[in-house]
There are 2 protein chains.
Amino acid sequence: MKLTNKGRYAVMAMADLASNAKGGPISLTEISLRQNISLAYLEQIFLKLKNNKLVRSSRGANGGYVLEKPASEIKLSNIIYAVDEEVKTLNCKKNSKRGCNNKSTKCITHNLWDQLDQHIIGFFEKVKLQDLAKLG
Amino acid sequence: MKLTNKGRYAVMAMADLASNAKGGPISLTEISLRQNISLAYLEQIFLKLKNNKLVRSSRGANGGYVLEKPASEIKLSNIIYAVDEEVKTLNCKKNSKRGCNNKSTKCITHNLWDQLDQHIIGFFEKVKLQDLAKLG
DNA sequence: AAGAATTCCTACTATTTTAGTAGGGATTAA
DNA sequence: TTAATCCCTACTAAAATAGTAGGAATTCTT
Ligand code: FES
Ligand code: FES
């Protein structure tokens, strides 16, 4: 499974966006300073967030980003997936007949990892961006 | 967070050990063949499992490994930790005052990752080696 | 006693992934 | 016109992963 800085940063930045909303767009420079994340790295991340319709951008001076939807409608899973972090503990291709052992049956732990996947995904599906303020 | 082949193999091998118990010890060669895992890699993994008192070894011809405790008493978390897979989604040191942003307060997502940790650890604590047979 | 099977242990290495950096172009407000 | 900003791609250093390799020690079998 993957859960790395990129995913963490994405969630952090989205949370920042949500909690510092001030009407107009918020620049990445601001977020970079507040959250201590490299600007160039943030740019990469926001490209993906934008392509996944989680934020809307305005270019030029005073430009920046705003949430595309209310924070109550953005699930953590949306963010995580947007930046290509896969919650994937299975070693095999899920819809293949072959197992990770390259045999024709699934390995003895297949169902276990599958359940773990569901467990983690469930968590990400349940938590909304809005909830982060409460958690924090 | 880390959850890689090493951890998967460890669980697989332990499950193999549990389900193919035949009184005497089981050699890694057998497991290697059944589960399609490189023998040398298995050896490394079993060193750790042994150091963590999850298996007992006997050397020499006809040697091999047996579970140190009944499968019903071995938690998945025991196995995962034994091979150094950390369920660690936090980016900062948990008991430090500093945050992952290197500031003096914890970041806005800290509690979130902390909860996710608990969520995943809870899963590993709950599932016993014995349950794998049922799952599989 | 010899040989084979096995665990034990450490060191090395190729590959992949991660975490950025770098550089330049396009757009817009002032 | 200039500065601030987003946009986009390519590159790169460092770390982690997934093994390989090699040999020593032990024990069973013959
Ligand atoms: S994880 Fe799917 S077959 Fe092993
Ligand atoms: S994860 Fe702990 S401070 Fe950010």
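These numbers were taken from a predicted model, which means no experiment stands behind them. Keep in mind that the numbers below use all heavy atoms, side chains included, and drop hydrogens, waters and symmetry copies. Every chain is numbered from 1, with letters handed out A, B, ... down the list of sequences.
- Using a 4.0 Å cut-off on heavy atoms, the residues of residues 28-38 of chain B that approach DNA chain D are B:Ser38, listed by number.
- In this structure, B:Glu85 places its CD atom 11 Å from C1' of D:dA16, rounding to the nearest Å.
- Where the helix from C:dA1-D:dT30 to C:dA30-D:dT1 starts and where it ends, the local axes point in directions that differ by 10°; five pairs per end, rounded to 10°.
- Considering all non-hydrogen atoms of both residues, A:Val11 and A:Ile80 come closest at CG2-CD1, 4.1 Å.
- Between A:Asn5 and C:dA19 there is a side-chain N or O to OP1 or OP2 distance below 4.0 Å.
- A salt bridge between B:Lys22 and B:Glu30 is present, with a side-chain N of the basic residue lying under 4.0 Å from a carboxylate O of the acidic one.
- Salt-bridge check for A:Arg56 with A:Glu68: passed, with a basic side-chain N closer than 4.0 Å to an acidic carboxylate O.
- B:Asn91 and A:Asn5 form a side-chain donor-acceptor contact under 3.5 Å, judged by distance and modelled atom types alone.
- Taken residue by residue, residues 39-46 of chain B places heavy atoms nearer than 4.0 Å to DNA chain C at B:Glu43, B:Gln44.
- A salt bridge links A:Glu125 to A:Lys75: one of the charged nitrogens lies within less than 4.0 Å of a carboxylate oxygen.
- The separation between B:Leu3 atom CG and D:dA18 atom P is 10 Å, rounded to whole Å.
- Taking the six-membered ring where tryptophan is involved, the planes of B:Phe124 and A:Trp113 are perpendicular, since the angle between them exceeds 60° and thus also 30°.
- Among pairs with a residue in residues 64-99 of chain A, those fulfilling ring-ring contact (aromatic ring centres under 6.0 Å, His included) read A:Phe46-A:Tyr65, at least two apart in sequence or across chains.
- Taking atom CG of residue B:Asn101 and atom P of nucleotide C:dA19, one finds them 16 Å apart after rounding to whole Å.
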Could you run down the sub-3.5 Å N/O contacts of the protein with nucleotides 3-5 of chain C?
{"residue": "C:dA5", "atom": "N3", "partner": "B:Ala61", "partner atom": "N", "Å": "3.4"}

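- Side-chain atoms of A:Asp16 and A:Gln35 include a donor-acceptor pair closer than 3.5 Å.
- If you check residues 11-20 of chain A against DNA chain D, you find no residue with a heavy atom closer than 4.0 Å.
- Between the NZ atom of B:Lys48 and the C1' atom of C:dC9 there is a distance of 12 Å, given to the nearest Å.
- For B:Ser57, a side-chain nitrogen or oxygen approaches OP1 or OP2 of C:dC8 to under 4.0 Å.
- Protein atom CG of B:Leu47 is 8 Å distant from nucleotide atom P of C:dT10, rounded to whole Å.
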